[in-house]
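This is a predicted model, so every value here is computed, not measured. Each ligand, and each atom within it, is numbered from 1 in the order the structure gives. Heavy atoms only: backbone and side chains are in, while hydrogens, waters and symmetry mates are out.
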Amino acid sequence: MSNSDGTVFDYPIGKAKVWVKICGITSYEDGQLAIEYGADALGFVFYPQSPRYLPLSQASNLLSRLNILKVAVLVNPSLEEVEILKKELPIDLWQLHGEESLALGHRLPRGKIIKALRPPFEQKIKEWADCTFAFLLDSPSEKWGGSGKPFDWGKASLLRQHYSYPFILAGGLNPDNIQRALREVEPFGVDVSSGVEKYPGKKDKKKLLDFIEKCKKPTHPVS
Ligand SMILES: O=C(O)c1ccccc1N[C@@H]1O[C@H](COP(=O)(O)O)[C@@H](O)[C@H]1O
């Protein structure tokens, strides 16, 4: 596994700072706020069924104005869609949130994939380890993502302890539960969408600031 710049990954397990991705950005205002508050990456959803869907026609202008690590969030895309996004947009990382094939993963830059895991976890981790930047743990849902439902933190903690790969915790995180989640799971990173929204597709300034501040404060392991 490697950093997005290709260097070897060294991530701060148990250290104060957590990598924070704010997902479902649809406007410059929200993206810029997240950057100012200290986010490490922004996610843009290219899945038409999502209420946070960003059409390609708006994406180019928006992404080029935001100076931060940019993540394209995809659910079972076709190879053609991937090729178009690769050609048209300044994407740094590719979040595959569905049941994508490894063949599709191999069409993306090595080490730049965030793979959302579904059971069987062990098998998927083995298959995808070579091409991923990190694994993402989100609760299973019919909507694929952005459901606001928490992942099983006990399971997340076990996976994190068992594998030496970076794990990003997602699913139902918000300013009220983020500190407990960080203590219990100690993930490399966190990803949030609905938990910092005013309504789907629009971020709430106060929740956004509260969430990021809590992530960037020192955390202590569960005793
Ligand atoms: O945000 C969405 O609408 C979305 C749609 C389809 C796939 C992934 C999506 N977002 C990801 O969902 C999880 C959890 O979101 P939430 O915090 O529970 O609302 C997160 O990884 C987003 O990147």
Side-chain angles (χ1 to χ4, degrees), residues 18-27 30-31 34 39-56 58-59 62-63 66 68-78 81-82 85 91-100 104 112-118 121 124 128 132-153 155-156 159-160 166-182 185 187-204 207-208 210-212 214-215:
V18 174
W19 187 87
V20 180
K21 169 173 167 263
I22 303 296
C23 200
I25 297 294
T26 60
S27 70
D30 284 356
D40 297 288
L42 298 181
F44 304 89
V45 181
F46 296 101
Y47 176 55
Q49 282 78 15
S50 166
R52 305 167 189 93
Y53 173 58
L54 183 65
L56 185 59
Q58 292 167 27
L62 176 60
L63 269 66
L66 294 166
I68 190 169
L69 209 62
K70 291 176 267 283
V71 183
V73 179
L74 308 170
V75 178
N76 303 324
S78 65
E81 282 172 85
V82 165
L85 292 174
I91 303 289
D92 300 296
L93 293 171
W94 301 83
Q95 180 171 324
L96 299 179
H97 217 91
E99 291 281 11
E100 294 80 11
L104 184 125
K112 310 252 168 152
I113 294 174
I114 296 175
K115 183 69 192 96
L117 289 177
R118 274 162 219 288
F121 295 113
K124 296 277 171 61
W128 285 87
T132 51
F133 164 85
F135 288 111
L136 187 138
L137 302 172
D138 184 17
S139 57
S141 94
E142 285 158 20
K143 297 199 281 183
W144 291 103
S147 67
K149 291 192 200 139
F151 187 84
D152 176 342
W153 294 349
K155 178 74 186 168
L159 287 169
R160 202 271 297 151
F167 283 96
I168 298 170
L169 183 66
L173 297 174
N174 59 52
D176 295 331
N177 66 12
I178 186 61
Q179 285 173 313
R180 197 162 52 83
L182 293 177
V185 180
F188 150 72
V190 292
D191 184 15
V192 63
S193 193
S194 54
V196 292
E197 282 181 333
K198 209 179 249 177
Y199 53 84
K202 178 71 193 156
K203 297 302 178 212
D204 180 294
K207 289 183 193 168
L208 194 59
D210 198 10
F211 186 89
I212 297 174
K214 283 177 175 163
C215 288

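Of the charged side-chain nitrogens involved, none lies within less than 4.0 Å of a carboxylate oxygen, so that Asp30 and Lys203 do not count as a salt-bridged pair.
Figure legend: Lys115 and Trp128 shown as a cation-pi pair, the cationic atom lying under 6.0 angstrom from the six-membered ring centre and within 45 degrees of its axis.
Between the side chain of Thr132 and the backbone N or O of Ile113 there is no donor-acceptor pair closer than 3.5 Å. A distance-only check finds no donor-acceptor pair linking the side chain of Arg160 to the backbone of Pro187 [under 3.5 Å].
Sparse packing is recorded around NZ of Lys198, with 12 or fewer heavy atoms of other residues, nucleotides or ligands lying under 6.0 Å away.
Each of Asp204, Leu173, Asp176 was checked for a side chain to side chain contact (heavy atoms under 4.5 Å, CB included) with Phe211, and the lone residue meeting it is Leu173.
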Pairwise, report which nitrogen or oxygen atoms of ligand 1 are under 3.5 angstrom from protein nitrogen or oxygen atoms, and how far apart they are.
unit_1	atom_1	unit_2	atom_2	d
ligand 1	1 (O)	Arg52	NH1	3.4
ligand 1	1 (O)	Ser193	OG	3.3
ligand 1	3 (O)	Ser50	OG	2.7
ligand 1	3 (O)	Arg52	NH1	2.7
ligand 1	12 (O)	Gly146	N	2.8
ligand 1	15 (O)	Gly146	N	3.4
ligand 1	17 (O)	Ser193	N	2.9
ligand 1	18 (O)	Gly148	N	2.9
ligand 1	18 (O)	Gly172	N	2.9
ligand 1	19 (O)	Ser194	N	2.8
ligand 1	19 (O)	Ser194	OG	2.5
ligand 1	21 (O)	Asp191	OD2	2.6
ligand 1	23 (O)	Lys21	NZ	3.1
ligand 1	23 (O)	Gln95	NE2	3.1
ligand 1	23 (O)	Asp191	OD2	2.6

